[in-house]
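One structure, as structure tokens, below. Some questions next.
None of the values given here were measured: they were computed from a predicted structure. Chain identifiers are assigned alphabetically (A, B, ...) following the order of the sequence lines, protein sequences preceding nucleic acid strands; residue numbering begins at 1 within each chain.
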2 protein chains.
Amino acid sequence: MSRSERDTQHHNVAQAAIPGRVPLNRDRVLRAAVVLADEVGIDSLSMRSLAQRLGVAPMALYKHVASKEELLDGMVSVVVAEIDPPMPGLDWKRAVRERVLSARHALLRHPWAPHVIESRTQAPLVVLDYMNSLIGTFLAGGLSADLTHHVMHALGSRMWGFTQEVFPTPQPPAERFPHIIEIASVGEHDDKSAVGRGCDDQFEFEFALDVLLDGFERLHNQGWTSTNPVRTASP
Amino acid sequence: MSRSERDTQHHNVAQAAIPGRVPLNRDRVLRAAVVLADEVGIDSLSMRSLAQRLGVAPMALYKHVASKEELLDGMVSVVVAEIDPPMPGLDWKRAVRERVLSARHALLRHPWAPHVIESRTQAPLVVLDYMNSLIGTFLAGGLSADLTHHVMHALGSRMWGFTQEVFPTPQPPAERFPHIIEIASVGEHDDKSAVGRGCDDQFEFEFALDVLLDGFERLHNQGWTSTNPVRTASP
DNA sequence: ACCTGAACACCGTTCAAGT
DNA sequence: ACCTGAACACCGTTCAAGT
């Protein structure tokens with residue numbers, strides 16, 4: 001780092017203590033939005049509340065993001081960029097597994113991320129980078145383009161390391177729902193790992209991920225193609 | 001049906017032609033909300049627009065639903081109640097498969113249903129009925145309560161017959177995303193079956209569902225338990 | 001060039017009042 | 001008992017104006 005660069009940084013840091021003196025930029029807006037959403041929840045994140053946090057008029061934000069939708073796209077980009085790069089030297093199955101669990105690690109720090117990612121209509125570029133990289137891992141492992149296509153669909157939003165939880169929070173009455181009660185008691189996992197409401201825990205996620213990856217591997221070994229989808233389930 | 005009951009019905013039907021004369025009830029509110037959301041989209045469904053459609057002041061709705069959240073719960077209940085009952089005489093795997101595809105048939109008529117179902121914090125009772133019934137099918141098929149628990153988690157929101165689509169709508173640039181381009185061309189399915197934006201098509205859904213069900217069957221045949229999860233993927 | 005203030009067209013929901 | 005109208009505390013976003 002050159003002397004002038006260091007000075008500029010110090011200058012900015014000094015200005016940051018004086019509210020409103022550091023000019024806004026896109027990155028500052030997006031990072032502040034991520035922090036604010038982490039703190040107060042995505043429902044309480046508004047253009048107005050974000051502007052207030054930044055000590056700026058609401059309309060100042062529109063110089064850096066065209067709309068709230070673009071703000072949400074940008075927030076997704078920030079957290080997806082935190083996902084670790086692929087680990088080298090692993091076979092495709094382990095490589096995908098580790099990558100997805102790394103995505104889980106990065107995204108589940110932000111309880112709002114699952115919902116916001118799934119609500120994107122246009123995937124931000126870093127999202128496509130991640131998907132492109134995952135696809136590359138399957139292809140490098142020898143899976144056909146055909147199988148890889150369907151395997152990526154089957155993986156679905158689980159590629160981000162989360163699944164929206166579908167089980168009810170309160171215990172329902174046993175008379176009407178005997179089967180739910182019957183299976184509810186098994187496998188009591190730690191509630192702490194469920195980040196925010198509506199997220200799975202680690203054991204259930206890995207179980208589902210492994211069922212899928214094992215299935216993909218079996219289809220690959222069988223030479224599965226979409227025009228000749230032979231498939232059996234004997235042990 | 002007694003004479004007086006018939007007369008009462010005729011009376012109501014006659015009144016229905018005069019807007020605003022039939023007293024509102026919860027069912028009329030919920031059904032109107034479902035129809036309106038089908039027509040204008042869930043984002044344009046507001047308490048005010050629904051009230052206007054019903055020819056009533058916005059606050060009249062609050063006699064029948066406590067809040068907009070409760071309205072959404074009720075709308076989910078309406079569409080989930082349309083799912084066919086389980087088919088008798090099938091083994092557990094076929095029974096689950098048919099039931100889930102029937103759920104798909106019912107829910108995908110309402111493009112907003114996936115998003116709204118996944119956003120429920122408290123599952124409506126008919127949602128628990130459906131889950132209880134699915135669990136019962138696994139248990140009746142001989143799966144342990146242990147395995148069934150994890151299998152239900154792994155099935156996740158796919159039990160409703162849909163998965164949120166994760167692929168981008170516009171074709172991205174080939175230079176930056178070569179692998180996406182490579183697999184994009186395979187298996188061009190009909191776009192018509194993708195109900196609204198963001199929903200999978202039939203082939204991809206069945207592929208993923210079968211990978212999961214085949215995996216569940218294999219674990220069941222192997223005598224899998226959560227404390228002794230032996231699992232291999234040889235063909 | 002970058003930010004502001006007022007205004008517009010919406011929300012869900014409260015409250016007190018009408019019939 | 002059931003519905004209404006006005007009002008409150010919010011939204012995202014436009015526009016014209018400020019420096």
Side-chain heavy atoms of A:Val127 within contact of A:Tyr130, under 4.5 Å: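 The answer is no, as the side chains (C-beta and beyond) never meet within the 4.5 Å cut-off.
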To the nearest angstrom, how far is A:Lys63 atom NZ from C:dG5 atom C1'? 15 Å
Any chance the side chains of A:Glu118 and A:Ser157 put a donor and an acceptor closer than 3.5 Å? yes
Please determine if B:Arg99 and B:Asp84 form a salt bridge, counting it only when a charged side-chain N lies under 4.0 Å from a carboxylate O. no
Between CG of B:Asn25 and P of D:dA1 the distance, given in whole Å, is 18 Å
Have A:Gln164 and A:His115 got a donor and an acceptor in their side chains that come within less than 3.5 Å?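 Judged by distance alone, the side chains do not pair up.
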For every nucleotide of nucleotides 12-19 of chain D, 5' to 3': is a protein heavy atom under 4.0 Å from its base (B), only from its sugar-phosphate (S), or from neither (-)? BBBB----
Calculate the interatomic distance between A:Leu54 atom CG and C:dC2 atom C1'; express it in whole Å.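 Checked: the CG to C1' distance equals 15 Å.
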In dot-bracket, 5' to 3', how would DNA chain D read with Watson-Crick or G-U wobble pairs under 3.5 Å, [ ] for crossing ones and | for pairs to another strand? ||.|||||...|||||.||
Whole-Å distance, B:Leu61 CG to C:dC11 P, equals 13 Å
Classify the ring geometry of A:Phe207 against B:His150: parallel below 30°, tilted from 30° to 60°, perpendicular beyond 60°. tilted
Cut-off 3.5 Å, side chains only: do B:Trp112 and B:Asp38 have a donor facing an acceptor?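 On atom types as modelled, these side chains qualify, holding a pair under 3.5 Å.
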Min side-chain heavy-atom separation B:Gln202-B:Leu101 under 4.5 Å: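 Yes, side chains in contact.
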For the residue pair A:Arg104 and A:Phe205, would you count it as a cation-pi contact if the rule is NZ or CZ under 6.0 angstrom from the ring centre and within 45 degrees of the ring axis?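 Geometry flag: set, cation within 6.0 Å and 45°.
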